[in-house]
Amino acid sequence: MEFIDPLPPFFYDREVTSVARDLIGCLLTHRSPEGLTAGVIIETEAYHQSERACHAFRGQTPRNAPLFGPPGRSYVYFTYGMHWCFNAVTGPEGEAAAVLIRAVEPLAGLELMRARRGREALRDLCRGPARLTQAFGISREQNELCLHSSRLRIHPRTPLHLPAGIEVSPRIGVRAAKDLLWRFTLIGSRFLSRPG
DNA sequence: GGAACGATTGAT
DNA sequence: TCAATCGTTCCT
């Protein structure tokens, strides 16, 4: 299966909120040993070291080190003792920021997703940050990968997937800095983790 | 060494 | 509404 060339690292070397907005409608692909999975990004959130909800707010630690690295790499972290979440690192090296991918519309590898998720309903495969990492087979092994050249990639929007409209709202599940409208959703999608 | 907590999910 | 489940971080 062929896709458009993946987004180059400089795409991610901008303000994190701009990248989060522009990733809506882009295509996430993972060529794992078990097979290919792909989906259209429909929900993102921005995080930056300057605000309390960011893992890097109190400085660099072993876990959040990828956030301080060069743009265009993955930051995958473990949470709640059982879930993985996937981010795209943004901004210049040394400045910690990333876009959390919260939901995608499943496009390819549906049966592999169903097997990994243990669920049949299309709507339940990638609706939520930890659901999509499970469906895509993303965990510790996929941390700090280059999203341009590794098996885990993000590709530009295609004419078939132009966003109808993008809505902003407060980030889900964060108490700190909850006044920031740093969540971006594709209006009207039935694959959002929660209504926009 | 110990404890509190978490960018969630699924069942009740 | 609530339990599951454990790595990370911070405090003593």
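The chains referred to below are lettered A, B, ... by the order of the sequence lines, with proteins before strands, and numbering in each begins at 1.
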Sort and list the pairs that fulfil side chain to side chain donor-acceptor pair (under 3.5 Å) and have at least one residue in residues 67-80 of chain A, not counting sequence neighbours.
-> A:H55-A:Y75

Mind listing the residues from residues 67-83 of chain A sitting with a heavy atom below 4.0 Å of DNA chain B? Number order is fine.
-> A:Y77, A:Y80, A:G81, A:H83

Please test A:T185 against A:R183 for side chain to side chain contact (heavy atoms under 4.5 Å, CB included), starting from the C-alpha separation and ending with a verdict.
-> CA-CA 7 Å; A:T185 55; A:R183 176 177 179 241; 3.6 Å; yes

Go through the structure and list residues passing side-chain hydrogen bond (donor to acceptor under 3.5 Å, both in side chains) with A:R131, not counting sequence neighbours.
-> none

Residues in contact with DNA chain C, drawn from residues 56-66 of chain A - heavy-atom cutoff 4.0 Å = A:R58, A:T61, A:P62, A:R63

Name the atoms and distances for all side-chain donor-acceptor pairs under 3.5 Å in residues 136-143 of chain A, with sequence neighbours left out.
| residue | atom | partner | partner atom | Å |
| --- | --- | --- | --- | --- |
| A:Q142 | OE1 | A:S139 | N | 2.9 |
| A:N143 | OD1 | A:V76 | N | 2.9 |

Quick one: how far along DNA chain C does chain A reach, first to last nucleotide 5' to 3', anything under 4.0 Å to a heavy atom?
-> C:dA4 to C:dC10

Dot-bracket notation for DNA chain B, counting Watson-Crick and G-U pairs under 3.5 Å, with | for partners on another strand | ||||||.||||.

Sequence-distant partners of A:H83, ring pair (Phe, Tyr, Trp, His ring centres under 6.0 Å), two or more places apart = none

Residues clustering with A:L180 (ILVMFWY side chains joined when closer than 4.5 Å, directly or via others) | A:W182

Selection: residues 110-147 of chain A, any non-hydrogen atom under 4.0 Å of DNA chain C | none

Side chains of residues 90-105 of chain A: which donor-acceptor partners sit under 3.5 Å, not counting sequence neighbours?
| residue | atom | partner | partner atom | Å |
| --- | --- | --- | --- | --- |
| A:E95 | OE2 | A:H48 | NE2 | 2.9 |
| A:R102 | NE | A:E43 | OE2 | 2.8 |
| A:R102 | NH2 | A:S193 | OG | 3.2 |

What pairs with A:R117 under side-chain hydrogen bond (donor to acceptor under 3.5 Å, both in side chains), at least two apart in sequence or on another chain?
-> A:Q134

